[in-house]
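Worksheet: one structure, shown below.
Owing to the predicted nature of the structure, the values given are computational and were not obtained by experimental measurement. The chain is numbered in sequence order, starting from 1. Side chains are part of it too, since the values below use all heavy atoms of this structure and drop only hydrogens, waters and symmetry mates. Atoms within a ligand are numbered from 1 in the order they appear, just like the ligands themselves.
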Amino acid sequence: MKKVTLDLDKCVACGMCVKVCPDVFEADMSTLKVALKGGTKNGKIWTAEIEASDCLDKAADMCMMNAIFVEE
Ligand code: SF4
């Protein structure tokens with residue numbers, strides 16, 4: 001399992017993470033940004049424990065705002 005953190009203050013809603021890894025990220029109409037599926041939102045920070053997947057790391061690498069953090 002990996003711990004994923006998503007910072008909505010940094011996210012500019014480009015949609016890249018949803019396109020690259022839809023199993024983990026989804027569009028969130030309540031914030032007009034993105035959400036972590038199965039995650040918990042505390043203020044502007046989403047966190048989730050997620051099964052390791054190639055697309056998760058790829059999405060974190062591709063996020064131009066560095067809004068996605070993945071820890072082992
Ligand atoms: S790739 Fe980054 S900036 Fe784009 S929607 Fe996802 S978290 Fe936000």
Side-chain angles (χ1 to χ4, degrees):
M1 299 290 278
K2 292 189 174 184
K3 181 182 178 188
V4 187
T5 304
L6 168 63
D7 185 344
L8 294 180
D9 271 339
K10 293 183 176 179
C11 174
V12 293
C14 70
M16 183 64 76
C17 56
V18 178
K19 187 173 179 182
V20 168
C21 198
D23 289 346
V24 175
F25 301 92
E26 63 183 351
D28 182 0
M29 288 304 153
S30 69
T31 61
L32 298 179
K33 293 193 176 180
V34 294
L36 288 177
K37 289 184 176 178
T40 303
K41 183 167 164 284
N42 185 0
K44 299 283 184 71
I45 304 291
W46 277 96
T47 54
E49 295 280 338
I50 299 201
E51 288 289 338
S53 70
D54 288 344
C55 79
L56 173 58
D57 290 331
K58 192 173 174 186
D61 286 345
M62 292 183 75
C63 176
M64 62 183 171
M65 300 307 293
N66 293 322
I68 302 165
F69 301 91
V70 180
E71 299 170 62
E72 299 295 327

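A disulfide bridge does not connect Cys17 to Cys63: their SG atoms sit 2.5 Å or farther from one another.
Looking only at protein heavy atoms, the nearest one to atom 8 (Fe) of ligand 1 is Cys11 SG, 2.3 Å. Nearest protein heavy-atom neighbour of atom 2 (Fe) of ligand 1: Cys63 SG, 2.3 Å. Looking only at heavy atoms of the protein, atom 5 (S) of ligand 1 is closest to Gly15 N, 3.3 Å. Protein heavy atom in closest approach to atom 4 (Fe) of ligand 1: Cys14 SG, 2.3 Å.
The closest donor-acceptor contact from the side chain of Lys10 to the backbone of Ile68 lies at 3.5 Å or more, if one exists at all.
Residue Val12 has at least one heavy-atom neighbour below 4.0 Å for each of these atoms of ligand 1: 3 (S), 8 (Fe). Shown in contact with Leu6 at under 4.0 Å from a heavy atom are these atoms of ligand 1, numbered in order with element: 7 (S).
Considering all non-hydrogen atoms of both residues, Met1 and Glu49 come closest at CE-O, 3.6 Å. Summarising the geometry of Trp46 relative to Ala35, their closest heavy-atom pair is CZ2-CB, 3.5 Å, with the distance given to 0.1 Å. Ala59 approaches Val20 most closely through the heavy-atom pair N-CG1, 4.0 Å. Taking every heavy atom of both residues into account, Lys33 and Cys11 meet most closely at NZ-O, 3.0 Å.
Only the backbone of Ala13 comes within 4.0 Å of ligand 1, judged by heavy-atom distances.
Note on Cys17: counted as a metal contact of atom 6 (Fe) of ligand 1, an N/O/S atom lying under 2.8 Å.
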